[in-house]
Structures are given as C-alpha cells and as structure tokens.
Amino acid sequence: MFTKITESLKSAIKHLRHFDDEASLKRVLEDLRKALLKSDVYHKVVKELIAKVEIRTKELGIGKEHFTKALEETLYETLAIAGTQGFVFASKPPTVVLMAGLQGSGKTTTTAKIARYLKERGKKVLLVGADLQRLAAVEQLRQLAAQIDVEFISAETPVEAGIAALKLAADRLFDVVIIDTAGRLAIDEALMQELDTVKAATKPHEVFYVADSMTGQDAIKTAESFHAKIALTGVILTKFDGDSTGGIAIGLASQLGVPLRFVGTGEKVGDLELFLPDRIVTRLLGGGDIASLAEKVSSVIDEKKAKEITKKIKKGSFNFNDFLAQVEQMGKLGNMKSLISLIPGAGNLADKLGDMDLEHSGEMRHIRAMIQSMTPKEREDPDLITPSRKSRIANGAGLKIDEVNRFFKQFRNGAKMAKQFAGKGGMERFGALLSQQNRVRA
Ligand SMILES: Nc1nc2c(ncn2[C@@H]2O[C@H](COP(=O)(O)OP(=O)(O)OP(=O)(O)O)[C@@H](O)[C@H]2O)c(=O)[nH]1
Ligand SMILES: [Mg+2]
C-alpha cells in the first residue's frame, strides 16, 4: 500500500515537473476523470463535474486544499440538487407509494424497510403485494410484514391489489400505503405497462425507484426509461453496504433530477438510512484513487518549493528554515527517495538510494527538535549561532552539546556539498558519491 502511494507520487512528480501550475491542474483533472469513471459515475456527469472543479479550483487558486474543496463542493452540489431527502407525507392521508425497479434490486426488502421506518415513527402502514408474477414474491412480502408487525394485502392482479389497498386504507385510516411491484431483468414493455396501469389506478404521491448501487453505468439509462414512463419522484440506493463506491448516486441524482431519499445498508429490515450527500462524497473521496489526486496537486506546489530551494542552494543561501522545510517535505513524502527525485535532474538517482525512512528515524526527530529550538533569526542565518547559543539549543532540544555540534558540522558540509552538486555536472558527481556509499554500506 505504502509503496503504491509513493510510486504514484513519484510518477506524478515526474509528470508534473515540466509544467506550470495550470498544465499540472489539467493533468490532475484528467486523472480525476478516469477515477470518477472507474467509480461508476456517469460519463456525462463526469464531464460537467470536471469543468466545474476546474473553474472553482482556479477561482480559489491552484493548490491541494483548494482542489479538494472545489471537488467536495461540486460533488455535494451535484448530489443535493434534487432537494428533499427521506420520506414526505401527503397533505391528506394515506400517502401512497409505488415501488419500482429491476429484478433483485431490493424492492421488496426496501418496502419492508420503509414500513418499519415509518412504524417506528408512529405511522400506520399497509403493505401491498402487487408483484403477482411469482407466488413466492407475495409470500416474501407477507412474511416481512408479519416480521415487522404491519398489515398486508394482496389480490388476483396488481391493479386489484392496489384498489383493494386504497379502500382498506380509507376504511381503517392508514397513514401510508406502500405498493411492491414486480421486477424484470431488463426493462420491457410489459413491465412498464403494468406499472403504468397500477399507477393510474392508485395515483401514488410517490414513485420510488429502487436501484442497486453495485450496478454500473447502464443503471442510469435504465432509471431514465423508468422515469420517462412513470415519472419517478425519489430514488433509493440499495446494497450500499457492499463494495460500491457510490458513484452511481452522482449520476442518478443529476441525470434524473430526482432526489435520493434513502440508502439500504444491509439485508435486515433495520438496514435503512436517510440519504445524506456528504456520505457519498466521503465515500468517493475516501476511495483511494480520488484521495491520491489531492496529493498529486500538493506535489505540484511542493515542486515549486523545491525549485526555490534549489535556487537557494545554488546561491549558497540555504539555511535552517529551508532545511526544516525539506524535512517537513520528507515527512509528507515518506522517504528519502521521493525527496531526491524532487531535485531537478536527479530522477534516476532516487533508485540508487535504498528505502531509507529518515523521517521516522531518531536522528530526524533530533534534528527537527534542534531547529525548532532556534530563534527565527538563527534559522535564517546559521552563522549567528555562537557556542553559548548552541548549548541553549541543546537544552531546548533535550540533547547533548556534542550532538548539536555534530549536526552543525553535518549541516555545513551538506550545504557546501549541495552547492557543488547544484552546479553544472553536479548530479553526476552526486550519483557517483551515492553508489560509492552504497558499495561501502553493502
Ligand atoms: N446487502 C444488502 N442486500 C440487500 C439490500 N437490499 C436488498 N438486499 C438483498 O437483495 C436481494 C434481493 O432483494 P429483494 O428485495 O427480493 O429484491 P426485489 O427487487 O424485490 O427482487 P424481485 O422481486 O425479484 O424483482 C435479497 O437477497 C436481499 O436480501 C441491501 O441494502 N444490502
Ligand atoms: Mg420483490
């Protein structure tokens, strides 16, 4: 895992080196495009998203935080467009809900889940078995209804079941009627017709489309056909407990313009949650690929810093602040290799270094403590540091004076060496030195 991140950082740095910030952003956006597509976000939506993120990042100023902020905001906006979340009651009961969706998407389970959700909120719910394609389907819902202790009704045909349910609801004052319907493996005319007839007979306030979040891009097209025929008013994403990235939600929300209401998070009747845009955003951003993009943007910025530092090294004005910045940089990148590959022209040298993890070595902690014990002026100009100041630094860092002296010597030698290497032909000499050291070590 760690190696993978480092590798991608390294290659990002390599890629980004020769571009100015805007070109680098373009590159990162291209990576974002691929990552979103991989997360099953619908291609049309991806295009719009990228355009928005680009504009927003530029407005804020190119940088890691700004890129992440722009991305988060855009994703959130895309998901929240359609408004209402959760359940909405009709002004006059009963609120009638028609459930639709492909076979196995989770309609029957979700019907029971919503019933339970409403019952817990004190509502009187009637479940309607209108999937009469299979006897087992009616039985499945009947059992679920019994399990959560809500009433159930069915009939010979879907329309008859719907009409009987409405009559019962009026007579016995039910608050909500939820009609479970049949699914097909793919959309077909007969299914749509059946749904349409049930809809005409029951005039539902809500038509919920139940979508399996594990399905890919074609889920959007399917949902669009349902929407065109029976005018969906809400979407419920099921199987969100699986490996899905949630990318499909982004497409559904923005392509249909229909609000996502609930998310199914398991097989049990209690596994239903209100749809919250932030959750999907977090899930998408947490999915490795996209998270590492933000890192790439930060490497663009670090690249700029690295150039400044190289300039300073060449002028011989490299000081403790620069050194600390380098150490921090190393902390971010994780190992020495990455730092070396930041030095212009030193790309191949990185491979010659072993996997030295300086950041976590005790020595690096000491160095950091020493620099942090210096005054700002001392950090700017190492020559200011007299022996008495050195002992103060040693005290501040909790080290012996010998250790501080050794560090100063190393720093001076290092700065001198760096200056040499930053000159023409320096990299070759640096490389020779490194392989020499590696041989000695081996
Ligand atoms: N893990 C998980 N499984 C779910 C979820 N929702 C439904 N399922 C499972 O998905 C399978 C199909 O669920 P059903 O509710 O029968 O789906 P359906 O859409 O009614 O299917 P048909 O009636 O055949 O069209 C069952 O095994 C459910 O337990 C969910 O949110 N998470
Ligand atoms: Mg079913």
Side-chain angles (χ1 to χ4, degrees), residues 40 85-87 97-118 125-148 150 152-155 157-158 161-162 165 177-196 198-199 204 206-216 218-219 222-223 225-226 229-230 232 234-249 252 260-276 279-280 283:
D40 281 326
Q85 285 138 31
F87 198 89
V97 182
L98 183 67
M99 305 292 282
L102 289 182
Q103 192 176 65
S105 58
K107 289 177 300 299
T108 306
T109 313
T110 308
T111 301
K113 283 178 179 180
I114 297 175
R116 182 180 180 272
Y117 173 90
L118 294 170
V125 186
L126 177 62
L127 294 186
V128 188
D131 175 359
L132 294 155
Q133 300 294 319
R134 300 176 294 128
L135 266 182
V138 178
E139 198 43 42
Q140 183 192 358
L141 188 63
R142 189 196 307 276
Q143 279 175 16
L144 282 167
Q147 187 191 328
I148 55 176
V150 300
F152 171 86
I153 188 172
S154 191
T157 69
V177 174
I178 312 177
I179 308 167
D180 180 32
T181 62
R184 297 285 188 288
L185 275 174
I187 323 150
D188 63 36
E189 210 29 60
L191 165 71
M192 288 301 186
Q193 205 46 57
E194 183 181 297
L195 277 171
D196 207 25
V198 177
K199 192 185 170 190
E206 298 270 26
V207 181
F208 284 169
Y209 182 69
V210 179
D212 183 338
S213 59
M214 305 289 279
T215 53
D218 51 335
T222 314
S225 325
F226 272 91
K229 186 75 179 178
I230 53 167
L232 309 173
V235 175
I236 299 172
L237 273 182
T238 60
K239 307 182 193 179
F240 210 64
D241 46 313
D243 295 330
S244 148
T245 54
I248 204 75
L252 280 171
L260 281 107
R261 302 296 191 82
F262 292 98
V263 176
T265 55
E267 296 191 48
K268 294 199 207 70
V269 281
D271 300 331
L272 185 75
E273 290 176 19
L274 274 185
F275 169 78
L276 297 172
R279 248 195 97 181
I280 312 258
R283 188 147 173 167

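As the structure is a computational prediction, the values presented were derived from the model and not from experiment. Counting convention: from 1, in listed order, for ligands and their atoms alike.
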Item checked: Student check: side-chain heavy atoms of Arg116 and Leu272 closer than 4.5 Å -> no
Margin query: Given a heavy-atom cut-off of 4.0 Å, could you list the residues near ligand 1 in chain and number order?
Written below: Leu102, Gln103, Gly104, Ser105, Gly106, Lys107, Thr108, Thr109, Lys113, Asp131, Arg134, Gln140, Gly183, Thr238, Lys239, Asp241, Gly264, Thr265, Gly266, Glu267
Notebook entry, point to check: Between Ser105 (side chain) and Ala211 (backbone), is there a donor-acceptor pair under 3.5 Å?
Noted result: no
Note to self: Run the side-chain contact (heavy atoms from CB on, under 4.5 Å) test against Gln143 and tell me which residues pass, sequence neighbours left out.
What the structure shows: Glu139
Next item on the list: Measure the CG-CZ distance between Leu237 and Phe262 for me, rounded to the nearest 0.5 Å.
Entry: 12.5 Å
Check: Rounded to the nearest 0.5 Å, how far apart are CD1 of Ile236 and CD of Glu273?
Finding: 13.0 Å
Notebook entry, point to check: Okay, side chain of Lys113, backbone of Asp271: is any donor-acceptor separation there less than 3.5 Å?
Noted result: yes
Next item on the list: Return yes if some donor-acceptor pair links the side-chain N/O of Lys239 with the main-chain N/O of Gly264 below 3.5 Å, else return no.
Entry: no
Notebook entry, point to check: Which atoms of the protein, restricted to N, O or S, are nearer than 2.8 Å to the Mg ion (ligand 2)?
Noted result: Thr108 OG1
Next item on the list: For Thr108, check side chain to side chain donor-acceptor pair (under 3.5 Å) against everything at least two apart and list the hits.
Entry: Asp180
Check: Under 30°, 30 to 60°, or over 60°: which ring-plane class applies to Phe226 and Tyr209, parallel, tilted or perpendicular?
Finding: tilted
